[in-house]
Peer 1: 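To start, I am sharing the structure in question, which I have written as structure tokens.
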Amino acid sequence: MGRTMGIRSCEAEGKNVGFPPQYTGKTWKDHDNHCTGGRSYWDSGNPRVMAFSEDTAKRLENFGFIQFRPRGEYHGNNPEMSKLLHKAVREKRESAYHLANQPVNVLRDLLELKSKHPHIPVGKVEPASSIVQHFGTVEFLWEETHEAIAIAMNWLDRKSNSREGGEDPIHWSPLVDVIDGYSPMLPHLKGLQNGDTATSAIKQVASGWFGVTPTFLANADQLEIKIGQGAKPGEGDQLPGKKVATYIARLRNSKPGVPLISPPPHHDIYSIENFAQLIFYLHQVNPKAKVNGDIIHIFGHNGGTGASPVSSFKHAGGPWEIGLMETHQTLIQNGLRERIILRVDDGFKSGFAVLMSAAIGADEYGFGYIAMIAEGCIMACICHTNNCTVGVTNQREELRACFPGVPGDLVNYFVYVAKEVRGIMVQLGYENMDYIIGRTELLRQRQVPLKKTLHIVLSYILSNDVHTNGPVLDEIILSDPEVVEAIELKKEVTKAMEIHNVDRAVYGHIASVIVKKMEIQALQDN
């Protein structure tokens, strides 16, 4: 059987091959012939030949599971996408960047938005400047990237994140020495204006308390307690020693070259009482700032930084779609939803993703990698090496000077996303984003011809009840009249049915039904 893993597109010929071939006797050789005009990349499709050929005697083929490869597994963030985005934001060519017909890549790609409302004129939809007020950015380690993004968000009157590890005090004062877009205070940035500030409205407090000082906390509009640890959910946050340059060490009150680790269990939240005390303390230090509890920020499993070890790139964390839905519905059922702002981020790139998360329950939407790409990242994926050729992820002075981004590039990108949101709202017949938040009835599961997703059922996300496990095998069994009769009359019954690895805790509910029946009968007998 031919190799059936991986998702690729044939951009060179303008062909979009969105999904891997289903096994119909074809192999990736057939796919390559289609893409390359007869040039075959894979072997005849025989896995034994591929595994033991002379070409792989010294090195196994790299299929791009971690880092993008032209003929490997599909990545949502890839060099071709970054080129298109750079052209769009730098040349102000909105049409140069679009994400139509992308392969299924994340859970939300299995959903679509449908509305019974008639289309409305675009003039009735809230303006892009209002929609942008729902956007934000997450934290970035690298100085120029962080500063450019922070300035852009301040231009938009929105919020960037300080990152775990303090903030440079020079960011708290407006620039007053800008000439021709340059300032000696931020020497590697261009496109600046007098009055700009590179401060982040959201200041982050994590378990290591790196860089957390009273002055740092006092300069925040929001204080974010980092519970789930960023790049490696469930493993803790880590910055390798070679990334702890003198500047980073100064901000974090640490020593250069010493690895910095924040353990997964936050030191201050071993219990609800400790967590409440930390919130109280932060409110005392900065009474005007909102703190966790006012805002809940949900991260998904697709985020992370170049500091992650390879072992943490995959299979850590879960989809934000599930976490957001559960949080939204639980808050509603406890009468707390109106008191909380729900913020979500993880791989956001488009207006479609924004409206999808709004329908599931989010109020605000964070952009991470894509903001970094808008500021110049070329997706070389060598962040951890300190050798980024465009200076986006460097502490090396000679490479930092290569940083190409300007704050205006990110502003342009967010305007494009807001315009896309407006266009979709016209089709859905809604005038304001607030009317879409939590409207799960707008979501429908798509029928995608992809073998991997044929048996995924998303009714759990589409429902308004988080206190259910969705359709399970036990319910099917208990719907059988013969089984019901056997339980009622204490009879034996034999049934044959298929069971799959997605059927979890089978017979658990059936056992509960039987035990309850026995308890009732025992009480009646007594």
Peer 1: Short question: side chain of H86, backbone of I373 - any donor-acceptor pair under 3.5 Å?
Peer 2: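 Flag set: sc H86 to bb I373 pair under 3.5 Å.
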Peer 1: List the steps and the verdict of side chain to side chain contact (heavy atoms under 4.5 Å, CB included) for V421 and V125.
Peer 2: CA-CA 10 Å; V421 169; V125 178; over 6 Å; no
Peer 1: I'd like to know whether W142 forms a side chain to side chain contact (heavy atoms under 4.5 Å, CB included) with C388, so could you lay out the CA-CA distance, the side-chain angles of the two residues, the decisive distance to 0.1 Å, and finally the verdict.
Peer 2: CA-CA 11 Å; W142 308 283; C388 176; over 6 Å; no
Peer 1: Search all heavy atoms of M153 against all heavy atoms of S160 and return the closest pair with its distance.
Peer 2: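 Distance-wise, the nearest heavy atoms are CG-CB, 3.9 Å.
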Peer 1: Using modelled atom types and a 3.5 Å cut-off, is there a donor and acceptor pairing between side-chain atoms of Y413 and backbone atoms of K349?
Peer 2: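 Looks like yes, one N/O pair under 3.5 Å.
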Peer 1: Looking at CG of N78 and NZ of K83, how far apart are the two atoms once the value is rounded to the nearest 0.5 Å?
Peer 2: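 One finds 10.0 Å between CG of N78 and NZ of K83.
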Peer 1: Within the side chain of N394, is there an N or O that forms a donor-acceptor pair under 3.5 Å with the backbone of N386?
Peer 2: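 Between the backbone of N386 and the side chain of N394 there is a qualifying donor-acceptor contact (under 3.5 Å).
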Peer 1: For R439 versus Y435, what's the shortest heavy-atom pair and its separation?
Peer 2: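 Here R439 and Y435 meet closest at CG-O, 3.2 Å.
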Peer 1: Taking H134 for its side chain and A362 for its backbone only, find out whether a donor-acceptor pair lies under 3.5 Å.
Peer 2: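 Looks like no, no N/O pair under 3.5 Å.
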Peer 1: Roughly how far apart are S183 OG and N194 CG, rounded to 0.5 Å?
Peer 2: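 These two atoms lie 8.0 Å from each other.
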Peer 1: Are I151 and L186 side-chain neighbours, meaning at least one heavy-atom pair lies under 4.5 Å?
Peer 2: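 A side-chain contact exists here, since the closest heavy-atom pair is under 4.5 Å.
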Peer 1: How long is the straight-line distance from CG of D345 back to NE2 of H297, given to the nearest 0.5 Å?
Peer 2: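 Spacing of NE2 (H297) from CG (D345) equals 3.5 Å.
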Peer 1: Output every pair passing side-chain hydrogen bond (donor to acceptor under 3.5 Å, both in side chains) with a member in residues 213-222, not counting sequence neighbours, ordered by first then second residue.
Peer 2: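 Those involving residues 213-222 are Q222-R343.
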Peer 1: Are any of the side-chain heavy atoms of I461 and L107 separated by less than 4.5 Å?
Peer 2: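 The answer is yes, as the side chains (C-beta and beyond) meet within the 4.5 Å cut-off.
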Peer 1: Does Q445 use its side chain to pair, donor to acceptor, with the backbone of I456 at less than 3.5 Å?
Peer 2: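 Judged by distance alone, yes, a pair lies under 3.5 Å.
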Peer 1: Can you pull the salt bridge (charged side-chain N to carboxylate O under 4.0 Å, His left out) pairs that have at least one residue in residues 105-128, sequence neighbours excluded?
Peer 2: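 Every pair satisfying salt bridge (charged side-chain N to carboxylate O under 4.0 Å, His left out) with a residue in residues 105-128: R108-E321.
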Peer 1: State, yes or no, whether a side-chain contact exists between L251 and D168 at a heavy-atom distance under 4.5 Å.
Peer 2: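 Heavy-atom side-chain distance check passes, below 4.5 Å.
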Peer 1: With the side chain counted from C-beta on, respond yes when I378 and T389 share a heavy-atom pair under 4.5 Å apart, and no when they do not.
Peer 2: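 Side chain of I378 against side chain of T389, heavy atoms only: contact under 4.5 Å found.
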Peer 1: Please check: side-chain N/O of N154 versus main-chain N/O of T197, any donor-acceptor pairing under 3.5 Å?
Peer 2: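 It does hold such a pair.
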Peer 1: Going through the checks in order, is the side chain to side chain contact (heavy atoms under 4.5 Å, CB included) test met by M425 and I436?
Peer 2: CA-CA 9 Å; M425 289 171 65; I436 296 177; 4.0 Å; yes
Peer 1: Are the aromatic rings of W209 and F216 close, with centres under 6.0 Å apart?
Peer 2: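 No.
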Peer 1: What pairs meet the salt bridge (charged side-chain N to carboxylate O under 4.0 Å, His left out) rule with one or both residues in residues 378-392, with sequence neighbours excluded?
Peer 2: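 Applying salt bridge (charged side-chain N to carboxylate O under 4.0 Å, His left out) to every pair that reaches into residues 378-392, excluding sequence neighbours, yields nothing.
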Peer 1: Do other residues, nucleotides or ligands put more than 12 heavy atoms under 6.0 Å from the CD atom of E91?
Peer 2: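 Count over threshold, so yes.
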Peer 1: Write down the atom of N77, the atom of M379, and the distance for their closest heavy-atom approach.
Peer 2: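 Scanning both residues, the minimum pair turns out to be CB-CE, 3.5 Å.
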Peer 1: Over all heavy atoms of both residues, which pair between L192 and P407 is shortest? Give the atoms and the distance, please.
Peer 2: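 Minimum heavy-atom contact is CD2-CG, 4.2 Å.
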Peer 1: Under 4.5 Å between any side-chain heavy atoms of E224 and I295, yes or no?
Peer 2: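 No. Closest side-chain heavy atoms not under 4.5 Å.
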Peer 1: Does H146 reach the side chain of H171, with side-chain heavy atoms less than 4.5 Å apart?
Peer 2: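 They are in contact (side-chain heavy atoms under 4.5 Å apart), so the answer is yes.
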Peer 1: Does a sphere of radius 6.0 Å around OH in Y281 hold more than 12 heavy atoms from other residues, nucleotides or ligands, not counting ones at 6.0 Å or beyond?
Peer 2: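 It does not: Y281 OH has 12 such atoms or fewer within range.
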Peer 1: Any luck finding a side-chain donor-acceptor pair between S200 and N161 under 3.5 Å?
Peer 2: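 No, N161 and S200 have no side-chain donor paired with an acceptor closer than 3.5 Å.
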Peer 1: What distance do I424 atom CD1 and E420 atom CD have between them, rounded to the nearest 0.5 Å?
Peer 2: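 Nearest 0.5 Å value for the CD1-CD distance: 4.5 Å.
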Peer 1: For the side chain of E375 and the backbone of V406, is there at least one donor-acceptor N/O pair under 3.5 Å apart?
Peer 2: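 At least one qualifying donor-acceptor pair exists.
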Peer 1: Could you pull out all residues at least two apart from H328 that satisfy side chain to side chain donor-acceptor pair (under 3.5 Å)?
Peer 2: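 Side chain to side chain donor-acceptor pair (under 3.5 Å) list for H328, sorted by chain: R337.
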Peer 1: Classify the ring geometry between H117 and Y430 as parallel (under 30°), tilted (30 to 60°) or perpendicular (over 60°).
Peer 2: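 Answer is parallel, since the angle falls under 30°.
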Peer 1: Using a 4.5 Å cut-off on heavy atoms from C-beta on, say whether the side chain of F403 contacts that of L189.
Peer 2: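 With C-beta onward as the side chain, the pair touches.
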Peer 1: Write down the atom of N286, the atom of A220, and the distance for their closest heavy-atom approach.
Peer 2: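 Closest approach of N286 to A220, heavy atoms only: ND2-O, 3.0 Å.
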Peer 1: Applying the side chain to side chain contact (heavy atoms under 4.5 Å, CB included) criterion to L458, which one of L110, T453, I322 satisfies it?
Peer 2: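 Only one of L110, T453, I322 forms a side chain to side chain contact (heavy atoms under 4.5 Å, CB included) with L458, namely L110.
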Peer 1: Work out which heavy atom in F135 is nearest to a heavy atom in R158; give both atom names and the distance.
Peer 2: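 Smallest interatomic distance, heavy atoms only, reads O-NE, 2.7 Å.
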Peer 1: Side-chain contact, heavy-atom cut-off 4.5 Å: L111 with L462?
Peer 2: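 Contact flag for L111/L462 side chains = yes.
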Peer 1: Closer than 3.5 angstrom, by distance alone: can the side chain of E441 be matched with the main-chain N or O of S115 as a donor-acceptor pair?
Peer 2: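 No, the answer is negative, given that no donor and acceptor are paired below the 3.5 Å cut-off.
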Peer 1: Which residue pairs satisfy the salt bridge (charged side-chain N to carboxylate O under 4.0 Å, His left out) criterion with at least one member in residues 390-418, sequence neighbours excluded?
Peer 2: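 Matches after skipping sequence neighbours: E143-R400, E144-R400, R396-E398, E397-R400.
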Peer 1: Roughly how far apart are E80 CD and H75 NE2, rounded to 0.5 Å?
Peer 2: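 If I round to the nearest 0.5 Å, the distance is 15.0 Å.
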Peer 1: So F414 and F367, would you call those rings parallel, tilted or perpendicular, with 30° and 60° as cut-offs?
Peer 2: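 Aromatic pair F414/F367 classed perpendicular.
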Peer 1: About how many Å separate OG1 of T137 and CD1 of I370, when rounded to the nearest 0.5 Å?
Peer 2: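 Reported value, rounded in 0.5 Å steps: 13.0 Å.
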Peer 1: Show, in sequence, the C-alpha distance, side-chain angles and deciding distance for V106 and D346, and conclude whether the side chain to side chain contact (heavy atoms under 4.5 Å, CB included) test is met.
Peer 2: CA-CA 10 Å; V106 290; D346 180 33; over 6 Å; no
Peer 1: So which pairs with a foot in residues 179-206 pass salt bridge (charged side-chain N to carboxylate O under 4.0 Å, His left out), sequence neighbours left out?
Peer 2: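 Applying salt bridge (charged side-chain N to carboxylate O under 4.0 Å, His left out) to every pair that reaches into residues 179-206, excluding sequence neighbours, yields E167-K203.
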